[in-house]
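Right, one structure below, let's go through it.
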Amino acid sequence: MNIKNLQLFIHLSDSLSFHQTAQAMHISPSALSRVIQRLEQELGQSLFRRDNRSVELTIAGKKLIPVATTIISNWLSLKIELNSDSSLLQGKLKIFCSVTASYSHLPSILTAFRHRYPQIEIQLLTGDSALAIDKVLNSEVDVAITAKPEHLSNKLTYIELDHIPMSVISPAISPPAIQQLLNDGPNWQALPFIVAESGPARSRANTWFKDKKITPPIYAQISGHEAIVSLVALGCGIGIAPDIVINNSSMSDKVQRFPAEFIAPLSLGLCCKQSRHQESILKALLQLF
């Protein structure tokens with residue numbers, strides 16, 4: 001008994017036609033008959049009742065179907081696992097993430113992935129994290145490291161990697177106009193703010209404004225997060241940014257946080273098209289988590 005013979009049996013049990021199964025499985029009808037006869041000899045039972053006009057399963061044939069299906073399924077699953085869980089897996093993986101994520105979270109992901117799959121070519125694109133979801137949906141990239149949007153499309157698979165706190169920051173040394181608004185408790189309504197142009201970080205900022213019941217002047221709306229810290233450090237206004245961006249900025253020593261102000265953290269994760277997450281390379285990556 002072998003996998004090929006069981007596959008022929010399963011097809012024949014469905015078609016109940018030696019001619020159809022032989023044609024579909026690229027085997028001659030006489031060879032198919034010999035395969036079924038060998039199976040019947042091994043089991044010591046007839047699997048089909050056949051005459052010149054019809055083919056019917058016997059009780060033994062019906063009992064063999066679930067057993068054969070399980071054996072075939074387990075065999076194919078093992079082959080896929082062995083083929084995808086080795087250095088034989090080859091191809092290209094195109095990843096998108098922000099500049100900050102490229103050195104805060106990507107290195108550990110790539111280290112683990114490349115250790116197991118050294119033949120995979122990695123192509124990295126960096127940019128505004130607010131663009132990540134569209135790039136995945138438009139198949140411009142295979143996978144993105146991105147903040148989870150408020151409303152995740154059912155076309156996407158998302159695996160959470162981390163929670164990213166956010167902070168309200170001001171210049172460490174404020175210019176007189178801003179310092180005056182900070183004295184005796186911040187005058188949030190009048191302070192100029194620097195925020196993300198779009199995406200989950202902007203949604204968090206808008207929620208904070210709403211909770212404070214303020215509509216402050218917006219000095220700048222930034223595509224991406226890195227420049228928020230720089231503009232705050234230069235004394236242009238108050239900023240709202242993810243902590244990993246603040247911590248990894250070259251200007252981090254020139255800004256200060258408002259520790260009493262709470263902004264809901266971002267969920268950071270891997271995102272790909274749901275219709276593609278079973279593809280061998282993407283499946284291998286997602287199985288690391």
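Throughout, residue positions are numbered sequentially from 1 according to the sequence presented.
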Side chain to side chain contact (heavy atoms under 4.5 Å, CB included), that's the test. Do K148 and L266 meet it? Break it down for me.
CA-CA 7 Å; K148 186 179 182 180; L266 300 171; over 6 Å; no

Going through the checks in order, is the side chain to side chain contact (heavy atoms under 4.5 Å, CB included) test met by L285 and I109?
CA-CA 9 Å; L285 175 65; I109 294 172; 4.0 Å; yes

Applying side chain to side chain contact (heavy atoms under 4.5 Å, CB included), run through M25 and Q7 and close with a yes or a no.
CA-CA 9 Å; M25 301 294 282; Q7 289 173 324; 4.2 Å; yes

Could you go through I27 and F18, starting from their C-alpha distance and side-chain angles, then the distance that decides it, and tell me whether this counts as side chain to side chain contact (heavy atoms under 4.5 Å, CB included)?
CA-CA 10 Å; I27 188 174; F18 277 78; over 6 Å; no

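Surrounding CZ of R114 are at most 12 heavy atoms belonging to other residues, nucleotides or ligands under 6.0 Å away. Heavy-atom neighbours of K212 NZ from other residues, nucleotides or ligands within 6.0 Å: above the threshold of 12. Around atom OH of Y219, no more than 12 heavy atoms belonging to other residues, nucleotides or ligands sit under 6.0 Å away. Atom CG of L234 has more than 12 heavy atoms from other residues, nucleotides or ligands within 6.0 Å.
Side-chain contact between L106 and Y103 is absent, with no heavy atoms from C-beta onward closer than 4.5 Å. Side-chain contact between P216 and L191: absent, with no pair of heavy atoms (C-beta onward) separated by less than 4.5 Å. Put simply, the side chain of L93 reaches to within 4.5 Å of the side chain of V143, judged on heavy atoms. Counting heavy atoms from C-beta on, the side chains of F209 and I240 come closer than 4.5 Å. You'll find the side chain of I246 reaches within 4.5 Å of the side chain of R257, heavy atoms only. A heavy-atom distance below 4.5 Å is not found between the side chains of I238 and I194. Counting only heavy atoms from C-beta outward, the side chains of L6 and N2 never approach each other to under 4.5 Å. Using a 4.5 Å heavy-atom threshold, the side chains of F258 and S167 count as separate.
Proximity of a side-chain donor or acceptor of S102 to a complementary backbone N or O of V99 within less than 3.5 Å is detected. A donor-acceptor pair under 3.5 Å is formed between the side chain of T207 and the backbone N or O of S203. Of the possible donor and acceptor atoms, one in the side chain of S153 sits under 3.5 Å from a partner among the backbone N and O of K155.
Using a 4.5 Å cut-off between side-chain heavy atoms of Ile, Leu, Val, Met, Phe, Trp and Tyr, with links allowed through other members, I178 and I214 fall into the same hydrophobic cluster. One hydrophobic cluster, built from ILVMFWY side chains closer than 4.5 Å, holds both L57 and V67. Grouping the Ile, Leu, Val, Met, Phe, Trp and Tyr side chains by contacts below 4.5 angstrom, directly or via other members, places V229 apart from I173. Criterion: ILVMFWY side-chain heavy atoms under 4.5 Å apart, direct or through other members. Under it, I145 and L156 are not part of a common hydrophobic cluster. There is a path of hydrophobic side-chain contacts, each under 4.5 Å, that joins V55 to L43.
Note: N187 CG to L182 CG = 9.0 Å, rounded to the nearest 0.5 Å. Summarising the geometry, atom CD1 belonging to I65 is positioned 4.0 Å from atom OG belonging to S13; distances are rounded to the nearest 0.5 Å. Atoms CD and OG, on Q179 and S174 in that order, are 5.0 Å from each other to the nearest 0.5 Å. We find the CG-OG distance between D243 and S252 to be 11.5 Å, quoted to the nearest 0.5 Å. If you take OG on S17 and CZ on R50, they are separated by 13.0 Å, rounding to the nearest 0.5 Å. Distance check: I222 CD1 to S198 OG gives 11.5 Å after rounding to the nearest 0.5 Å.
The side chain to side chain donor-acceptor pair (under 3.5 Å) contacts involving residues 265-274 comprise S139-K273, Y158-S267, E160-S267, where partners must be two or more places apart or lie in separate chains. Among residue pairs with one or both ends in residues 54-65, those qualifying as side chain to side chain donor-acceptor pair (under 3.5 Å) are D51-S54; sequence neighbours excluded.
Side-chain atoms of E226 and T100 include a donor-acceptor pair closer than 3.5 Å. A donor and an acceptor atom, one from each side chain of S28 and S30, are located under 3.5 Å apart.
Minimum interatomic distance between A190 and P217 (heavy atoms only, all atoms of both residues): O-CG, 3.5 Å. Contact detail for A196 and I228: the closest heavy-atom pair is N-CD1, 3.7 Å. Contact detail for I10 and A68: the closest heavy-atom pair is CD1-CB, 3.8 Å. In terms of heavy-atom proximity, A144 sits nearest to V136 at CB-CG2, 3.7 Å. Closest non-hydrogen pair, A172 versus D253, comes out as CB-O, 4.2 Å. Across every non-hydrogen atom of Q90 and I281, the tightest pair is O-CD1, 3.6 Å.
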Just list the side-chain donor-acceptor pairs under 3.5 Å for residues 122-133, sequence neighbours left out, or say none.
unit_1 : atom_1 : unit_2 : atom_2 : d
D128   : OD1    : A130   : N      : 3.0
D128   : OD1    : G224   : N      : 3.2
D128   : OD2    : S223   : OG     : 2.9
D128   : OD2    : G224   : N      : 3.4

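Using cut-offs of 30° and 60° for the angle between ring planes, the W208 and F193 rings count as tilted.
Of the candidates K94, K92, K135, R276, D142 forms a side-chain hydrogen bond (donor to acceptor under 3.5 Å, both in side chains) with just one, namely R276.
Salt-bridge check for E150 with R204: passed, with a basic side-chain N closer than 4.0 Å to an acidic carboxylate O. Taking the charged nitrogens against the carboxylate oxygens, R34 and E40 have no contact shorter than 4.0 Å, which rules out a salt bridge.
Aromatic ring centres of F289 and F113 lie farther apart than the 6.0 Å criterion allows.
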